[in-house]
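Starting from 1, each residue takes its place in the sequence as its number. Note that this is a predicted model, so its numbers are computed, not measured.
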Amino acid sequence: MTHGQAAQDPKVHRVTECVCLRLAKEFDQARNRPKDTKGKTLPIPQSIVSVYSHIRQLLQDSRVVLAQTTLALVPVNNTTVSSWLLRRDKRTDRDMLLQGTVLPKQLYLAKEPLPSSNTLPAGPVRHAHEEMTFEEPKNREGEAFPRQRALAANKPAVASPPSPPPQFPPQFGPAQPPPFQHAPPFPHALPFPYAPPFPYMPFIHAPPLQHAHQLQQPPPFPGPPPLQYAPPLQHAPPFPDAPKCLPSQPRQRTWRLNNAAKEDEELVSRGEPPRKRLSKETYHYTCKGCGKEKNKRTGHTQLKGHWFCPASGLTLDDWRKSVGL
């Protein structure tokens, strides 16, 4: 569309195509093309459309030309001009490649009429070969007896007889050796010489001790010394307050702080200044209750938009219950 009118290809009008060819030859060099408001040279299709639209507007404004002639120019745009130039370049390349090439002659229509098309039969056609028949098995649907599967919990408990106790050989007293059995001779082989059985040695019990009371008793173990209390100090120094335990922090942060401290110690031992690290000494959010910074070091905790302050006198669990979290 160009100003509300359907743009057409330049080849549909002889005068329009002549004007576009003349402008394309003129704008083949970049120095002859018009420029936009920023001083940038326009491409060939846009340059042709710009100058062609100006010529078409002058022609429409001239009453003498409109009255004495039937000259008219069709509207074009960048898309139609670009496609027209691309087809023209392809046609020129094809004609150059086919120059001097003899193409096969054109195939004309047959002189005799073609045979009529076959009509499809309306029903099945019987051929000369015999039809094959297959015997289908009898339908026995619904005759199978469904097998009822009983669950293990619904089965009646059957009392099984208790298993006999395992038989172990006697550990003390004389035992009868197992009977010696000779293996059958191997066929087609020399018989092995007979070896007598291993002599059985009966088990002999050791006699009990007759004078067990005459053995020496071990000396008694000395008991611990009596407990002695130290005299109380008259002027004992006051016991210092235990340091406050800082709230727990992630193991990754603890590991990074330990590594940073070790690295600083190594640098100081070598006489080099410690490495500068980005660490916030002060926090820009302060608690309105105690005036301290809102971080874990001061014991503050945030949970779903609510802040817990240790100065409130509540424990963390009681504070969660009071807030309803």
When every non-hydrogen atom of Leu314 is compared with those of Ser322, the smallest separation belongs to CD1-OG, 4.4 Å

Hydrophobic cluster membership, Val64 vs Leu59, 4.5 Å side-chain cutoff: no

Not counting sequence neighbours, which residues clear ring pair (Phe, Tyr, Trp, His ring centres under 6.0 Å) with Phe308? List them please. Trp319

CZ on Arg297 to NE2 on His300, rounded to 0.5 Å: 15.0 Å

Where is the tightest heavy-atom contact between Pro75 and Ala6, given as atom of each residue plus distance? CG-O, 3.6 Å

Just verifying a value: how many Å separate Leu42 CG and Lys40 NZ, rounded to the nearest 0.5 Å? 9.0 Å

Hydrophobic cluster membership, Ile55 vs Leu21, 4.5 Å side-chain cutoff: yes

State whether the side chain of Thr254 and the backbone N or O of Pro250 hold a donor-acceptor pair below 3.5 Å, judged by distance alone. yes

On a heavy-atom basis, the closest approach of Pro274 and Val268 is CD-CG2, 4.5 Å

Taking the side chain as every heavy atom from C-beta outward, state whether Tyr52 and Leu23 have any pair of such atoms under 4.5 Å apart. yes

Does a side-chain N-to-carboxylate-O contact under 4.0 Å join Glu17 and Arg14? no

Would the number of heavy atoms belonging to other residues, nucleotides or ligands and lying under 6.0 Å from CG of Leu109 be above 12? no

Could you go through Gln99 and Asp95, starting from their C-alpha distance and side-chain angles, then the distance that decides it, and tell me whether this counts as side chain to side chain contact (heavy atoms under 4.5 Å, CB included)? CA-CA 6 Å; Gln99 187 177 4; Asp95 295 343; over 6 Å; no

Using side-chain hydrogen bond (donor to acceptor under 3.5 Å, both in side chains) as the criterion, point out the one residue from Arg31, Glu26, Lys25 that pairs with Gln29. Arg31

Donor-acceptor pair, distance only, cut-off 3.5 Å: does the side chain of Arg56 make one with the backbone of Leu73? yes

Using 0.5 Å steps for rounding, measure from the CD1 atom of Ile48 to the OG atom of Ser50. 11.0 Å

Identify the heavy atoms of Arg320 and Leu303 that sit nearest to each other, and give their distance. NE-CD2, 3.8 Å

Given the rule that I, L, V, M, F, W and Y join up when any side-chain heavy atoms are under 4.5 Å apart, are Val65 and Val19 in one cluster? yes

Of the non-hydrogen atoms in Val81 and Pro45, which two are nearest, and what is the gap between them? CG1-CA, 4.1 Å

Test your reading of the model: is there a side-chain donor-acceptor pair from Ser62 to the backbone of Leu58, 3.5 Å cut-off? no

For the CG atom of Asn32 and the CZ atom of Phe27, what is their distance to the nearest 0.5 Å? 7.5 Å

Nearest 0.5 Å, what's the CG-CD distance between Asn77 and Gln8? 10.5 Å

Kindly list each side-chain donor-acceptor pair under 3.5 angstrom involving residues 82-92, sequence neighbours excluded, with atom names and distances?
residue, atom, partner, partner atom, Å
Ser82, OG, Asn78, O, 2.7
Ser83, OG, Thr79, O, 3.2
Ser83, OG, Thr80, O, 2.9
Arg87, NH2, Asp9, OD1, 3.0
Arg87, NH2, Asp9, OD2, 2.6
Thr92, OG1, Arg88, O, 2.8

Does the pair Glu293 and Tyr285 meet the rule for a side chain to side chain contact (heavy atoms under 4.5 Å, CB included), with working shown? CA-CA 6 Å; Glu293 302 172 359; Tyr285 289 114; over 6 Å; no

Listing request: all salt bridge (charged side-chain N to carboxylate O under 4.0 Å, His left out) pairs with a residue in residues 261-274, at least two apart in sequence or in separate chains. Glu263-Arg275, Glu263-Arg277, Asp264-Arg277

Working to the nearest 0.5 Å, report the span between OG of Ser47 and CG of Asp36. 10.0 Å

